[in-house]
Each structure stands twice: as C-alpha cells, then as structure tokens.
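For reference, the structure discussed in these notes is given below.
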Amino acid sequence: MFKVIVVVLIAVVVFLLDFATVKKSKSKKDKKVYIAFFILALSIVVLHVMEVNIPTPIEGIKQIYQPVAEPIRKSLEKYL
Amino acid sequence: MIEKGKIGVRQFTVLVLMYTLGTAVIILPSLTASYAHANAWITMVIAMLIGIGIVFMLNCVISIDWKKNLFELSEHILGKWVGKAVSVLFLTYILLLTATNLRQIGEFITTQVTVETPIQFVMFIFMMTSLIGVRLGLEVIGRTSEIFFPYAFTSLILLLILVAPEADFRNVQPVLQEDIGGTFLAVIPTLTTPYLELFIFLAIFPYVHRFKPAKKAFYIGVIIGSVILTLITLMCLAVLGPDFTARQIFPSYILGKKISLANFLERIEILVAIAWFFTIFFKITLNFYVLNLGMSHFFNLKSTKTLSTPLAFIIIIMGIILFTDIIYYNEFVAYYAPYYSATIGILLPMLLLLVGFIRKKKKKSKVG
Amino acid sequence: MVNQLMQKKIKSICVIIILTVLLSGCWDARELSDIAIATALGVDKEGDQILVSAQILNPGEIAGNTISTRTAVSTYQAKGSTFFEAIRKLTTIAPRRIYLAHLRMIILGEEFARGGVADVLDFISRDHEMRTDFNFAIARENTAENVVQVLTPLEKIPANKIFGNLQAAEESWAGVSAVKLDELIASMTSKGKEASVTGLWVIGDPEFGTQLENVEASLSPTEIKTDFIGVFKNDRFVDWLNEEQSKTLNRIKNKVKNTISWVPCDDGGKVAIEVFKTHANVSGSMKKGIPKINVDVKSEANVGDVACALNLTKPKELRKLESKFEKSIEEEMKTSIKKIQEMGTDVFGFGEVIHRASPKEWKKVKGQWNEIFANELEVKVNVKIKIRRTGTINQSFLKEIEEKRKQGE
C-alpha cells in the first residue's frame, strides 16, 4: 500500500508539471485525451506496483500466428 | 501538418543507419548462428538483399504522396474509417516494438554490465532520455544523431579492426556445405530486426527537406547498416566460433572482450557497448516519436507532445510485462515475431501500394 | 503569475531531487575496499563435493610502500555441491565478496579433471564477471589447492607468474600451450577435435611453498613449473604428452613461435638450431572412406649452438645440416603422432580438417571419429627447414680447439 501511495504522489507531481504543456495547446480535445491516457498509464503502473498479473499481449499474438509459426518453428528447430 | 520541423538528408541517412544497427547488432549474431551455424553471415547477406527489396517497396509506397506521413497516407488511400483501423494496427505494433526494444537494452545491461541494478531503472532512464528527445521534436533528434553518429560508427569500425588479428576464418569453413536449410530458414527471423521495422520511416519521410535524395538515403543507410551487421556476425563466427556465438546471448559484447592489443589496449568492451547504447537509443526514440505522431493523428490532437509522458510510462510497464523471462523472449523473437512483423511491415504497406495504384488508375481513366 | 512562479519553483525542486539521486553514483558500484580480487582459482574434487581454492590479492602488499611480513596473496577455500555454490561460500571465510574479473588462471586438479570439467566450464561462461582472457592449466599429479598455495619469487602474485610463465614458454619453448576459455569449450564441443591443456608441476615440497620463507631464499626450494600438455577426451582428462609429443602438437596447431631442436653431428657432439618461424599447413582428404592427412611444416632457423667440429663455411654443409634436421624433426613428429593416435583422442583437430575438406564424407564418420583417428587415419609429415643465419659468428672455434688437442696428443 505504501508503494501505491508513493506512485500516486509521484504521478500527481508529474501531472502538475506536465499538464502545463498540454494546457498551452488550448485544445479541449488534447486535454481530454491526455487525461484519459494519464489515467490509463497510472492504473497500469499501480497494477504493476501492486504485483497484479497483467496478461501479456504477446500470448495473443502467439495464438493468432500459431498456424503459420508452428510448422516453420519445427523445421527451424531441426537445425538447432 | 503537426510536425513543423524539418530534417536534412544527411540526418535522415544517419537515422536510418542507426535504426538498422539498433538492437539488431546485439541479438542477430546469436540468433543467426543458432540455426545457420558457420553460414550465419550468408543468412545476413540474404536478409540484406531481401531488405533492400523491402526498402524499394517502401519507397514506392511513399511515392504515392510524399507530403503525407504514414498515418495520413493510410487515411488518404483507404478512406477515413478503414485508414483509422489500419493506423491502429500500425500503432499497436509500434507500441509493442518500442517496449520490446526497451526491454532488449534493459536485458543487455542487466545481464552483462550492472547485474544488480533492477531492470526497471535501466529502462526508466533510457525511456526518460527518449521522452526528452520526443518533447524537443524531430529536428533535435536529427541533429543529436548527427553529433553521436561519428562516435558510434568509429567504435564499431574500430571493433572490427581490433578483433581482426584474433579471427580464424577456418571457423566459417566449409562455406555452404552443411545446414543449408537452416541457413535459408534463418532468414525469416533475421528479417524481423531491422528490415520489417523499417516501415516507420514512412512517417518520417515528409519531414525530410528534399524527397528524391531522401529515397536514395534510405537505401544507403540500410545498406551500410546491413554490411556492418554482416561483418560483425562474420567476426563473431571467426573469432568466437559458431557454437560459442550461438550459445552466447550477446556475442557481440563478448567480441568486444576479445580486443587485446599488445596487452595494453584491452578491457574496453564497455566503450563498444556504449556505441550500441547510442544506436539503440535512437531506435527507441524514433519508434517513440512515430508512436506519438501516429497517436496525435489518430485523435486529431494539436501537438505530438501531448501524449508523450503517459505513453512513456505505459511503454516502461509494457516492456516489463511483455516477457516473463529471457527464454520466453527469445522464443517469441525467433518463432513468432517474424509473422507479426511481416503482417505490419510488408502486407499493410503492400495493401496501401495496391489500393493507391488502383485509385490512381481509376482517376486517370475518369479524366481520360 | 503566481501560478507560474510556483511552477518554476516546483520544477527546480524536482531537478534538485533528481540530481541528488544521481549523486550516489552507480547502483552496482563496488569500491576496491569491498571486493577481494581473485587472481587464480583451483578446482578439486572432494568426495562428491567441489573444493575451490581462491588466490586472493592483498592490495596493501602489492601497492603499499611499507614492507611487511605478510604475503602478497592469501588463499581461501570452500566446498560446495556445485562450483557456483563453492564460490559463493568463499564469502563465509573471506572478508569481502570475491571479484572474478581479474582472474588470470584456473587450475584444475588432475583427479578432478579426470572426472570431467564441463560443469565448471558452464558456470565460467555463464557468469558475467568472468572474462575469457584467463588461461587454464592442470595440476600434474597433484591437487589444484597445492598449486594455488605456492608462493613465487620475483613475481609477487603467483597467478601472474604462471600466466607470464605460460606466455614466455609458449613463445620460446613450444612445449606448453596457453588455452583460453573459448578455445577450450570450442574443442570440447567440436566433433573433430579434442582439448589439450598445459600441466603445472610443483617442484619440491608443496607444504614449504606456502610459507614466506620460500620466497626469501635465492633459489626457492619450491617452485611451480609449467611443462607438458594434458589431453582430454570430451571433457575428461586422459593422459599426459611428453616433451616431443607436446612440441609436435604445438607445431601442428601453429602455436610455435620460437623453439630449439638439436641433432647429433657425424663425429659426435651436437648442433642445435633456433627455429624462429614455423608454419604448418594441414590438409586432408577422404576417399573411399579412408581419411588422409598431410602435414607440411615449413620452418626458418638459425644455427644456435655448435658443439662439434662443423664446417660452416660451405653452403653444402649447411644444406646437409638442413636435411638432417628435416629428417630428425619428421621422425620425431611421426612417432609422436603415432603415440597420440594410440591414445585415441584427436587433439590435433584432424577431424575438423577432414570436415572442411570433404563435408559429405565427414558426415558418415563423425560419430566414431576418435576410433577412426586411432586406427585408420594415415598421416604424412613433410618438414622443410631453411637455415638462414649462423648467429654472430660463422665457424665455431671448437674446430681449432679440437685440432690443438689432437696436436698435443
């Protein structure tokens, strides 16, 4: 829990420093998207710090390409 | 246009060259030697030839309208919605690629140099430097690459010259007598880094001062980079032997350890490694820049800098969670990454080229 | 306005905090006072455990100005079920963490080497601190711990003495070979080649050698000598080569830089030459399943030592001398190769030569190469020697002395 608090505190500082540049652009859309991404980033960092297992997208890619990859993998492994 | 900066043709050449060397220089010698053994350098040569073909294809794509970058181009050719969808595919790939590259340099430093430093910190420091680069814009990235390039290039050439006395070319004989199948099959994973990643330069092209020389510069950068990669692989084989090269995770670093000039100039491998930090840094920075550029196009933002900070943190965490361990990573790079990269790096640009070509013809026939 | 000032302040504070973090330096930093620099490691077997003896540098004795009665190196020992465990266990005795990047020698006990060394080599090539520029040696008829403990005169660090000794002997004697990690692993894993490692002898009483008195005497009673080469089959040590065989091996592997050989003169006495340039060309072929190896040795030499009445003014005499040496070296090499073939381990790497020459035929024999090497392989040796110079004098004055003696009689 202590770690999470530290991360959130750092995030607040980063936000204060960073948001100024976004403000300068004077675009509402920029601000909205920025905040959305900031929350996304923060939640990922917090999840990581809390040692929650986040599934890796690599598994998905492996599943998709399995039919192509497997036969070539087999023939490549012959030469190991 | 979101990016207002311009880079020179020479800066573009340097960026392409550094990008080609990038992470390839630390992972390819071992990867190719695992399957092609003594013929690994031939694999590299074949990959280079195919790579030049890929560059030709990419040059054709950007010739459709070189004032538009990759994301604008896909919306222009495929229409707004399909274009956006394709952009998402590109962006996901670039996000994963940046995270993977960051992980690679992290793995390298924590395996060979500073073993007790947590990988998170190494990655954090690298990403922050890239973040500063992206915040300063493409012009600054281009100029910095020009400053650091001589250092990186000289130390790589010096590495090749200084280990030459240790080379024993009997190690690469007999040439193309055994493992011929492996030699040709190994081209598939070899193409991934760097050739199938070169498409990101389609997003940089519009910001180069002059278009025609930039097309040539693309070839020059890729060819010089590939030749250096091939030579380093050849030296790894000749100095360390094919088996030893395949067994090492970072054989080109071990190659640096072999430098010993008159018992005086030795233990300088870290200087060689620093040269790679530069090339990898520019690779990460370029990827990250293109990611930001694409994101701001996708959301119609005013500035490329808007999303840079949150994205940097997302990439660091991605880099950590993508691969549980180094064996998982190696397996992915060798067996699965090539097809994903081929989809994004060849198929999608081909699609753009094809549809663009058909549209042009239709337009012409209408005018006619 | 106030807001902007605030932001500037926050920014500068953040920068200061980040800079202080950097001030502490490298995460992995270790000062010289925290590490114990190992210069040599000895590996032995004790039961089913591995005994590691580490020769640790005593920095104060090497670089300090005051001369004390302490030794320049200290030895620490630890046992473990694996090599890695033993090395880490050293910290239970040594006051500091062992630092391996400056290692010069790894010495394998003969008993240990007979049991196979592959496990140890794996750790050595896996650990990031280990470089590849140290040499291997086998403690001949001895344990590695005894060799590691011997103190040496002239060179304060025994490991450095052995390392320098090996280089010097390899360059000007040719009976030893300095083998480094990558070469050792490459020859152990290659199907057409076996490994060979130099031997280390302890001359005199090894117990006495551990004491400072040993280096206080002008002629140290206990010394370490590097000589002869031990051959391996796979990762197991098999046998020792004698002097001629060691020289032959180095000749064929092109490791000879400078060496001496001698032949008897026609009228008694001996003449020796200094061979300063040697190049061996090994070619091979495999026809109808019969492997053949051709060894062509080309050497250049100087007359080094004439201990008989030899007329060195005539070119004809010199040619005669050349052919004499050629024959003698050829004979020596042939018998040595025969003997090594009988041992049944291909330390020359003839298998690799066949492999390069006819890869297709090689595929059929690579499984049982060592037997073919021992029984079927034909080796032809051809030596060419060119004597260039006769040193700083031409005729030996021995001839005059001889004549004077004859007159006296």
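Just so it is clear, the structure is predicted and the values come from calculations on it, not from any experiment. Residue numbers start from 1 in every chain, and the chains themselves are labelled A, B, ... in the order their sequence lines are given, proteins ahead of strands.
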> Measuring heavy-atom distances to chain B, does A:Ile61 have an atom under 4.5 Å in its side chain, in its backbone, in both, or in neither?
Replying inline: side chain
> Considering only heavy atoms, which portion of A:Glu59 lies under 4.5 Å from any heavy atom of chain B: side chain, backbone, both, or neither?
Replying inline: both
> Checking B:Leu96 against chain A: side chain, backbone, both or neither under 4.5 Å from a heavy atom?
Replying inline: side chain
>> Quick check on B:Tyr35 against chain A: is it the side chain, the backbone, both or neither that has a heavy atom closer than 4.5 Å?
In response: both
>> As an exercise, state the distance from NE2 of A:His48 to CD1 of B:Ile320, rounded to the nearest 0.5 Å.
In response: 4.0 Å
> What residue in B:His37, B:Lys305, B:Lys302, B:Gln120 has the most heavy-atom pairs under 4.5 Å with chain A?
Replying inline: B:Lys302
> Within the distance-only criterion (no hydrogens, no angle test), does the side chain of B:Ser341 pair as donor or acceptor with the backbone N or O of B:Leu196 below 3.5 angstrom?
Replying inline: no
>> Can you confirm whether B:Ile94 sits close enough to B:Thr98 that some side-chain heavy atom of one is under 4.5 Å from a side-chain heavy atom of the other?
In response: yes
>> salt bridge (charged side-chain N to carboxylate O under 4.0 Å, His left out) for A:Asp18 and B:Arg135? Distances and angles first, verdict last.
In response: CA-CA 11 Å; A:Asp18 203 48; B:Arg135 295 292 284 248; 2.7 Å; yes
>> If we define contacts as heavy-atom pairs under 4.5 Å, which of A:Lys32, A:Lys29, A:Gln66 has the most with chain B?
In response: A:Lys29
> Does a side-chain heavy-atom distance below 4.5 Å link B:Ser303 with B:Thr306?
Replying inline: yes
> Strictly under 6.0 Å, is that where the ring centroids of B:Phe90 and B:Phe199 end up?
Replying inline: yes
>> Can you tell me which of B:Ile317, B:Asn300, B:Thr324 forms the most heavy-atom pairs within a distance under 4.5 Å of chain A?
In response: B:Ile317
> Hey, is CE on B:Met128 packed in by over 12 heavy atoms from elsewhere, all under 6.0 Å?
Replying inline: yes
>> Can you tell me which portion of B:Ile315 sits under 4.5 Å from chain A's heavy atoms? Options are side chain, backbone, both or neither.
In response: neither
>> With a 4.5 angstrom heavy-atom cut-off, is it the side chain or the backbone of A:Val45 that approaches chain B, or both, or neither?
In response: both
> At a heavy-atom separation under 4.5 Å, does B:Pro189 approach chain A through its side chain, its backbone, both, or neither?
Replying inline: side chain
